[in-house]
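Worksheet: one structure, shown below.
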Amino acid sequence: MLPTSPLKKRAAQKEKSQFTPQDEFSDLNPPISYRHLLSPHPGARDPLRVIALCDSDAFYAACEQVRLGVDPSRPLVVRQWDALIAVNYPARAFGITRMSSWRDALKKCPELTVVHVATYKEGDNAPGYWDNPDTATHKVSLDYYRRESAKIIAIFKECLPDGEIEKASIDEAFIDFTRPVRAELLARYPYLGEVPADAPNGLDTILPPPPPISWEGRGILIPIAPPPEDQAGPVSGTGTHTEDEEGDDDARRTWHDVALSIAAEFMDKIRAEVRIQLGYTTSAGIARNKFLAKLTASYKKRDSQSILRNAAIPNYLIPMPFQKIRFLGGKLGKAIADKFEVSSVGDLLPISIDEMQQKFGEDSIWVYEIIRGIDRAEVKEKPTLTKSMMASKNLPRPITKSSEGPHWFRVLAAELALRLNELRATDISAWPKTIVLHARHRYDWSRSKQAAFPFTRNVTADVIAGYADRLWKDLVGSGSKQDGSLPYSVTTIALGFSGVEAGETGQQSIEGFFRPETSTTSRLDGDGNDRQRTHGKKDQRETEGSSDDIQEIEPESTASFVCPRCHKRIEVELGDDGEGESEERRAKALMEHGDFHVAEDLSKMPDDGISGRSSQGLRAVERERKRKRESSARVEGITKFLVRRRDE
DNA sequence: GTACTTCAA
DNA sequence: GGTTGAAGTAC
């Protein structure tokens, strides 16, 4: 229970009341009953919840070190143009930081290995490693790191089939250990599995005292500072106590600590697995929720893991600069710091929720809870497939002519084509719904245009670049100036796919696209409508005729769809090797037909913008301008039809 | 759906 | 600082 209203608290603080910041942490030792332990679905409020965040140390540098077979104890940095984007720990020992320039780094450490990140240039169909790529002609590729990242996640999953894993960025993931830890808890302490006959409150009986914990080899414990003299600790209430060297502490030990220690064992094994199989060292934080796990991981970095027991939360959090907290590192955090002239979590604790809400509205509740160590966010497994895919380039010299765009599209498009096709090696049905082109003017603002991207099999750099050309014209206008100069200089060009889908949703869409054809008769029955739409195309009649005649034809051995664009009926032979194969054939057929339309689109690409009219000219730069869109004359891909069908 | 912004690593 | 990716907002 919170001791008093926040407003009173603030007033009280001014008069130097007995309130200490520690009093704000009211939920450090929640009662844990048999019901908690045995309930089938642990949620965010589970007192035995255990979350870890695991990240790779100097990830890009580690990738290069492993790729090149460099001795891990040797200093190595990853260079991007003149800057460094990763510095391994041996190199940090020389005082090299990510802010150093590559030449300075080499001065500090002559034996430094400097690896420039992989790059593309126009015409390349794969990124390559060069010692001195030119930013005027090349763009960097982070593809190798993405692939290595995926391997790490795969190991996490292998090691922990029952744990939820959420990839948080290229080099870090949250792991929810709650379920595996609970299973282990019951295995190690079988007496917890049954409510004792003499338990006073049945399932709601509090668990017996936890056993001693050996933290040896399980990670670094964030210390519980002993409470000040003649003041009870916020949790134990049992008066004086001391903490031994191991950090175990009879008075404060809880079953949650046991859970943390088991999670730490698991985490350690998983990290060892990553190190052995891939050669990457990692750091992890283990705590009761996501945000604390994240903060704990940064306690001691480099091939280690740290553990934050509930009892250690206040002393860890109070001196913490709150802008280190996830989502407070940006504008919101700065606004709060400026408004209240504070910098640490402890400074923020006395500020009442009302006071905060006046300025920061909805966000306040989240902030109020987070600085008290409360975070109910779930570890949610994200689909393996990323929803978007973007390739971007900061231009060394801003471009001022419209004609300078296409060169960069071809570079960006080559990368996108490679990445999409690589994705399709495993997810054949992966398809991006839209293609987006961004152009940024200086560091002030940017504009973007998007269009439907067709469901097509052969996604080549040319196809992508072709669509980008049209978006470019829509974005910067065409013919607005005689000499082809742009209405504004462009410092960044980014080309990407969004709405990338595959697997289940992709297959569902494809299913919906085809009409079920369990027998030849049922197909003929339902044909009236289709005939109207197909305008009696010849090939349609032919396929129908033949299937009508050949009665031996296996049910479901063929399927067909009518293209909404050309109204042709397309017949597909399905495989008989099970669902996987016929699914693949359906997808292929759709894409092959899409290819035809892509070719058609590209061959009669207008000089105009996509909407068929010249787009906003100079005036477009003004952000106030109203945009009127013509929705009718957009590129109609099969994709669009698929999307609509799925909703029906 | 489209264009734009914010946050993070 | 450059290159990504996701999510939220306004329309």
Side-chain angles (χ1 to χ4, degrees), chain A residues 53 55-60 78-86 97-102 116-120 127 133 135 138-146 149 166-173 294 297-298 323-335 362-363 377 380 382-383 385-396 411-412 415-416 419 433-441 443-452 471 474-475 491-500 610-611 615-616 620 623-631 634-635 639-640 643-644 647:
Chain A
L53 178 113
D55 68 84
S56 301
D57 302 324
F59 183 54
Y60 292 175
V78 181
R79 177 189 154 200
Q80 179 176 270
W81 315 131
D82 285 333
L84 300 182
I85 54 172
T97 69
R98 291 209 331 188
M99 292 301 133
S100 322
S101 83
W102 143 70
H116 196 288
V117 64
T119 53
Y120 283 95
T135 182
H138 291 62
K139 87 164 284 298
V140 320
S141 164
L142 303 178
D143 229 19
Y144 184 76
Y145 311 135
R146 284 188 201 101
S149 171
E166 175 182 332
K167 188 175 177 194
S169 77
I170 195 156
D171 73 341
E172 48 178 31
K294 165 94 181 156
S298 62
Q323 287 177 341
K324 274 197 186 176
I325 294 171
R326 219 158 72 114
F327 300 125
L328 291 178
K331 294 196 172 181
L332 177 60
K334 172 132 185 26
E362 276 299 295
D363 295 329
K380 193 126 180 67
K382 294 183 182 153
L385 195 63
T386 53
K387 296 184 197 75
S388 64
M389 199 184 272
M390 187 167 60
S392 67
K393 169 75 186 170
N394 282 357
L395 302 166
V411 180
L412 301 176
E415 184 182 337
L416 283 177
R419 284 168 61 187
K433 274 191 302 190
T434 44
I435 178 167
V436 195
L437 181 70
H438 301 260
R440 194 179 66 185
H441 171 69
Y443 281 80
D444 302 341
W445 47 267
S446 71
R447 293 181 60 202
S448 66
K449 280 283 175 190
Q450 53 184 314
L471 290 169
D474 213 28
L475 202 50
T491 49
T492 304
I493 292 184
L495 184 62
F497 292 130
S498 67
V500 182
I610 276 181
S611 58
S615 36
Q616 302 81 7
R623 313 196 58 213
E624 260 54 62
R625 97 214 103 94
K626 293 260 178 191
R627 248 173 265 177
K628 286 176 194 151
R629 260 170 237 113
E630 296 164 38
S631 57
R634 307 235 149 225
V635 178
T639 305
K640 272 213 155 159
V643 171
R644 215 180 312 131
D647 295 338

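Letters A, B, ... mirror the listed sequences (proteins, then strands); counts begin at 1. Below, all heavy atoms of this structure are taken into account, side chains as well, without hydrogens, waters or symmetry copies.
Nucleic acid contact for Asp171(A): sugar-phosphate only, since backbone atoms but no base atoms lie under 4.0 Å from a heavy atom of the residue. Note on Gly496(A): nothing from the nucleic acid sits closer than 4.0 angstrom, heavy atoms only.
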Could you list the protein-to-nucleotides 9-11 of chain C atom pairs, N/O on both sides, closer than 3.5 Å?
none

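Ser298(A) pairs by the side-chain contact (heavy atoms from CB on, under 4.5 Å) definition with Tyr316(A), not counting sequence neighbours. Every residue two or more places apart in sequence or in another chain was checked for a salt bridge (charged side-chain N to carboxylate O under 4.0 Å, His left out) with Lys393(A), and none qualifies. With sequence neighbours excluded, no residue forms a side chain to side chain donor-acceptor pair (under 3.5 Å) with Arg98(A). In this view, Asp55(A) and Lys301(A) satisfy the salt bridge (charged side-chain N to carboxylate O under 4.0 Å, His left out) rule, not counting sequence neighbours. Residues forming a ring-ring contact (aromatic ring centres under 6.0 Å, His included) with Tyr120(A) (at least two apart in sequence, or on another chain): none. A search for side-chain contact (heavy atoms from CB on, under 4.5 Å) contacts involving Arg419(A) returns Asp143(A), Arg146(A), Met389(A), Glu415(A), not counting sequence neighbours. Every residue was checked against the salt bridge (charged side-chain N to carboxylate O under 4.0 Å, His left out) condition with Lys324(A), not counting sequence neighbours, and none meets it.
Rounded to an integer number of Å, the gap from CD of Gln450(A) to P of dC4(B) is 10 Å. We find that CD1 of Ile435(A) is positioned 13 Å from P of dA3(B), with the value rounded to whole Å. Atom-to-atom, CG of Leu328(A) to C1' of dA8(B) comes out at 13 Å; the value is rounded to the nearest Å.
Put simply, Lys294(A) has a side-chain N or O that comes within less than 4.0 Å of OP1 or OP2 on dA9(B).
Side-chain atoms of His116(A) come within 3.5 Å of backbone N or O of Trp81(A) as a donor-acceptor pair.
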| message | How would you summarise protein contacts on nucleotides 1-8 of chain C per nucleotide, using B for base, S for sugar-phosphate only and - for none, with heavy-atom distances below 4.0 Å? | response | BSSBBSS-

